[in-house]
**Q** 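Please read through the structure below; I'll follow up with questions.
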Amino acid sequence: MRFIRVRVPALAALLAIAFPVSAHQSSKPSQPSGLPASVRSAAATVNAFHAALHRGDAPAAAALLADNALIFEEGGVERSKAEYVAHHLPADAAFSKIVALNVTRRAGGGGGALAWIASEGRMTGIYKGKAVDRVTTETMLLRQAGGGWKIIHIHWSSAALPEDR
(Lines give C-alpha, C1' and ligand atoms only; values in the text may rest on other atoms or scores of the structure.)
Protein backbone atom coordinates (compact mmCIF):
# COMPACT_ATOMS: atom_id res chain seq x y z
CA MET A 1 0.00 0.00 0.00
CA ARG A 2 1.16 3.39 -0.64
CA PHE A 3 1.82 3.95 3.03
CA ILE A 4 5.26 2.41 2.62
CA ARG A 5 7.63 3.55 -0.05
CA VAL A 6 9.18 0.09 -0.13
CA ARG A 7 6.04 -0.78 -2.03
CA VAL A 8 5.25 -3.44 0.36
CA PRO A 9 4.56 -5.58 -2.62
CA ALA A 10 1.02 -6.07 -3.33
CA LEU A 11 1.26 -6.42 0.09
CA ALA A 12 2.34 -9.60 -0.84
CA ALA A 13 -0.74 -10.38 -1.16
CA LEU A 14 -0.80 -9.40 2.15
CA LEU A 15 0.21 -10.71 1.76
CA ALA A 16 0.97 -13.67 2.42
CA ILE A 17 -2.26 -14.16 4.01
CA ALA A 18 -0.54 -17.13 2.90
CA PHE A 19 -1.73 -19.11 5.69
CA PRO A 20 -5.16 -20.25 6.53
CA VAL A 21 -7.56 -19.29 8.93
CA SER A 22 -9.66 -19.67 11.81
CA ALA A 23 -10.61 -17.05 14.30
CA HIS A 24 -7.14 -17.51 15.78
CA GLN A 25 -4.53 -18.31 13.19
CA SER A 26 -1.94 -20.95 13.80
CA SER A 27 1.35 -21.19 11.96
CA LYS A 28 0.21 -24.26 10.04
CA PRO A 29 -2.20 -24.16 7.12
CA SER A 30 -5.58 -25.64 7.93
CA GLN A 31 -9.09 -25.67 6.57
CA PRO A 32 -10.93 -22.54 7.71
CA SER A 33 -13.47 -24.21 9.98
CA GLY A 34 -15.16 -20.93 10.99
CA LEU A 35 -16.40 -20.31 7.45
CA PRO A 36 -19.68 -21.54 5.99
CA ALA A 37 -19.25 -24.91 4.28
CA SER A 38 -20.38 -23.33 1.00
CA VAL A 39 -17.23 -21.19 0.75
CA ARG A 40 -14.56 -23.40 2.28
CA SER A 41 -13.30 -24.57 -1.10
CA ALA A 42 -13.08 -20.93 -2.24
CA ALA A 43 -11.10 -20.14 0.93
CA ALA A 44 -8.81 -23.07 0.10
CA THR A 45 -8.08 -21.35 -3.23
CA VAL A 46 -7.20 -18.13 -1.38
CA ASN A 47 -4.90 -20.15 0.87
CA ALA A 48 -3.32 -21.86 -2.13
CA PHE A 49 -2.70 -18.46 -3.76
CA HIS A 50 -0.90 -17.19 -0.67
CA ALA A 51 0.98 -20.44 -0.18
CA ALA A 52 2.29 -20.16 -3.75
CA LEU A 53 3.41 -16.58 -3.07
CA HIS A 54 5.06 -17.70 0.17
CA ARG A 55 7.02 -20.36 -1.76
CA GLY A 56 7.97 -17.78 -4.38
CA ASP A 57 6.04 -19.75 -7.00
CA ALA A 58 4.61 -16.95 -9.14
CA PRO A 59 3.32 -19.29 -11.90
CA ALA A 60 1.29 -21.30 -9.36
CA ALA A 61 -0.17 -18.10 -7.89
CA ALA A 62 -1.01 -16.77 -11.36
CA ALA A 63 -2.78 -20.02 -12.26
CA LEU A 64 -5.37 -19.27 -9.55
CA LEU A 65 -6.31 -15.90 -11.07
CA ALA A 66 -8.95 -15.39 -13.74
CA ASP A 67 -7.59 -13.79 -16.91
CA ASN A 68 -9.72 -10.70 -16.24
CA ALA A 69 -8.82 -10.46 -12.54
CA LEU A 70 -8.92 -6.94 -11.10
CA ILE A 71 -6.35 -6.18 -8.39
CA PHE A 72 -6.58 -3.09 -6.17
CA GLU A 73 -3.67 -2.20 -3.92
CA GLU A 74 -2.12 0.94 -2.57
CA GLY A 75 -4.63 3.04 -4.46
CA GLY A 76 -3.50 1.47 -7.72
CA VAL A 77 -5.18 -0.94 -10.11
CA GLU A 78 -4.03 -3.83 -12.26
CA ARG A 79 -6.81 -4.73 -14.67
CA SER A 80 -5.86 -8.26 -15.69
CA LYS A 81 -3.86 -11.28 -14.67
CA ALA A 82 -1.35 -10.45 -17.41
CA GLU A 83 -0.85 -6.93 -16.05
CA TYR A 84 -0.39 -8.20 -12.48
CA VAL A 85 2.01 -10.94 -13.59
CA ALA A 86 4.08 -8.39 -15.55
CA HIS A 87 4.20 -5.86 -12.73
CA HIS A 88 3.69 -6.77 -9.07
CA LEU A 89 3.40 -10.53 -8.82
CA PRO A 90 7.18 -11.17 -8.73
CA ALA A 91 7.66 -8.53 -6.00
CA ASP A 92 4.68 -9.88 -4.03
CA ALA A 93 6.19 -13.35 -4.13
CA ALA A 94 9.60 -12.06 -2.98
CA PHE A 95 7.98 -10.10 -0.16
CA SER A 96 5.80 -13.03 0.93
CA LYS A 97 8.80 -15.33 1.21
CA ILE A 98 10.35 -13.03 3.83
CA VAL A 99 7.59 -11.26 5.76
CA ALA A 100 5.37 -13.33 8.06
CA LEU A 101 1.63 -12.87 8.05
CA ASN A 102 -0.61 -13.90 10.90
CA VAL A 103 -4.25 -14.06 9.85
CA THR A 104 -6.33 -13.00 12.83
CA ARG A 105 -9.83 -13.16 11.40
CA ARG A 106 -11.57 -14.39 8.28
CA ALA A 107 -15.13 -14.23 7.05
CA GLY A 108 -16.73 -15.39 3.85
CA GLY A 109 -19.96 -15.87 2.03
CA GLY A 110 -21.56 -16.10 -1.34
CA GLY A 111 -23.80 -18.32 -3.31
CA GLY A 112 -23.86 -20.25 -6.53
CA ALA A 113 -20.76 -19.61 -8.59
CA LEU A 114 -19.55 -16.57 -6.58
CA ALA A 115 -17.84 -16.35 -3.20
CA TRP A 116 -16.08 -13.68 -1.15
CA ILE A 117 -13.37 -14.17 1.45
CA ALA A 118 -12.34 -11.26 3.70
CA SER A 119 -9.25 -11.57 5.90
CA GLU A 120 -7.58 -9.45 8.56
CA GLY A 121 -4.04 -9.94 9.80
CA ARG A 122 -0.72 -8.55 10.85
CA MET A 123 2.54 -8.64 8.87
CA THR A 124 5.88 -8.57 10.61
CA GLY A 125 9.46 -8.95 9.50
CA ILE A 126 12.34 -7.19 7.81
CA TYR A 127 12.15 -6.45 4.09
CA LYS A 128 15.01 -4.80 2.20
CA GLY A 129 16.53 -3.73 5.52
CA LYS A 130 13.35 -2.06 6.80
CA ALA A 131 11.12 -3.25 9.62
CA VAL A 132 7.60 -4.23 8.59
CA ASP A 133 4.86 -4.22 11.23
CA ARG A 134 1.47 -3.56 9.66
CA VAL A 135 -2.15 -4.49 10.09
CA THR A 136 -3.69 -5.79 6.90
CA THR A 137 -7.02 -6.39 5.25
CA GLU A 138 -7.79 -8.37 2.14
CA THR A 139 -10.95 -9.09 0.21
CA MET A 140 -11.02 -11.65 -2.58
CA LEU A 141 -13.92 -12.40 -4.88
CA LEU A 142 -13.91 -15.78 -6.57
CA ARG A 143 -15.92 -17.42 -9.37
CA GLN A 144 -16.36 -21.12 -9.81
CA ALA A 145 -14.95 -22.21 -13.15
CA GLY A 146 -14.22 -25.63 -14.54
CA GLY A 147 -14.75 -27.44 -11.26
CA GLY A 148 -12.54 -25.08 -9.26
CA TRP A 149 -12.38 -21.49 -8.10
CA LYS A 150 -10.60 -18.59 -9.81
CA ILE A 151 -9.84 -15.29 -8.12
CA ILE A 152 -11.59 -12.50 -10.02
CA HIS A 153 -10.86 -9.57 -7.69
CA ILE A 154 -8.37 -8.78 -4.92
CA HIS A 155 -8.41 -5.69 -2.73
CA TRP A 156 -5.44 -5.28 -0.39
CA SER A 157 -4.90 -2.63 2.24
CA SER A 158 -2.50 -2.12 5.13
CA ALA A 159 -1.55 0.47 7.70
CA ALA A 160 1.24 0.98 10.18
CA LEU A 161 0.33 0.04 13.72
CA PRO A 162 -0.56 2.94 15.96
CA GLU A 163 2.31 4.01 18.22
CA ASP A 164 0.43 2.93 21.36
CA ARG A 165 0.15 -0.74 20.35
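Counting begins at 1 with the first residue of the sequence. Worth saying up front: this structure is predicted, and the values here are computed from it rather than measured.
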**Q** With a 4.5 Å cut-off on side-chain heavy atoms, are Thr104 and Val135 touching?
**A** no
**Q** What distance separates Glu78 CD from Ile154 CD1, expressed to the nearest 0.5 Å?
**A** 9.5 Å
**Q** Just verifying a value: how many Å separate Arg40 CZ and Ile117 CD1, rounded to the nearest 0.5 Å?
**A** 10.5 Å
**Q** Please check if atom CZ in Arg79 has more than 12 non-hydrogen atoms from other residues, nucleotides or ligands closer than 6.0 Å.
**A** no
**Q** Is any side-chain heavy atom of Tyr84 less than 4.5 Å from a side-chain heavy atom of Leu65?
**A** yes
**Q** Quick one: pull up CG in Leu70 and CG in Asn68 and give me the separation to the nearest 0.5 Å.
**A** 8.5 Å
**Q** Kindly indicate whether the side chain of Ser157, heavy atoms from C-beta on, has any atom under 4.5 Å from the side chain of Thr137.
**A** yes
**Q** Given the rule in the side-chain contact (heavy atoms from CB on, under 4.5 Å) test, do Arg106 and Asn47 qualify, once you have shown the distances and angles that lead to the verdict?
**A** CA-CA 12 Å; Arg106 182 171 276 177; Asn47 292 342; 2.8 Å; yes
**Q** Could you see if Ile71 belongs to whatever hydrophobic cluster contains Leu64? Use Ile, Leu, Val, Met, Phe, Trp, Tyr and a side-chain cutoff under 4.5 Å.
**A** yes
**Q** Evaluate the side-chain proximity of Met123 to Arg134: yes if any heavy-atom separation is below 4.5 Å, no if none is.
**A** yes
**Q** Could you please spell out the steps behind the side-chain contact (heavy atoms from CB on, under 4.5 Å) verdict for Ile151 and Phe49?
**A** CA-CA 9 Å; Ile151 299 164; Phe49 177 80; 3.8 Å; yes
**Q** The test is side-chain contact (heavy atoms from CB on, under 4.5 Å); show your working for Lys97 and His54 and say whether it passes.
**A** CA-CA 5 Å; Lys97 286 178 74 172; His54 185 67; 5.6 Å; no
**Q** Between atom CD of Glu138 and atom CH2 of Trp156, what is the distance when rounded to the nearest 0.5 Å?
**A** 6.5 Å
**Q** Under the criterion side-chain contact (heavy atoms from CB on, under 4.5 Å), I'd like the reasoning laid out for Leu142 against Leu114: C-alpha separation, chi angles, the key distance, then a yes or no.
**A** CA-CA 6 Å; Leu142 299 95; Leu114 294 175; over 6 Å; no
**Q** Working to the nearest 0.5 Å, report the span between OG1 of Thr124 and CZ of Arg122.
**A** 6.5 Å
**Q** Please determine, by modelled atom types, if Thr139 and Trp116 share a side-chain donor-acceptor pair under 3.5 angstrom.
**A** no
**Q** Could you tell me whether the side chain of His153 and the main chain of Met140 form a donor-acceptor pair under 3.5 Å?
**A** no
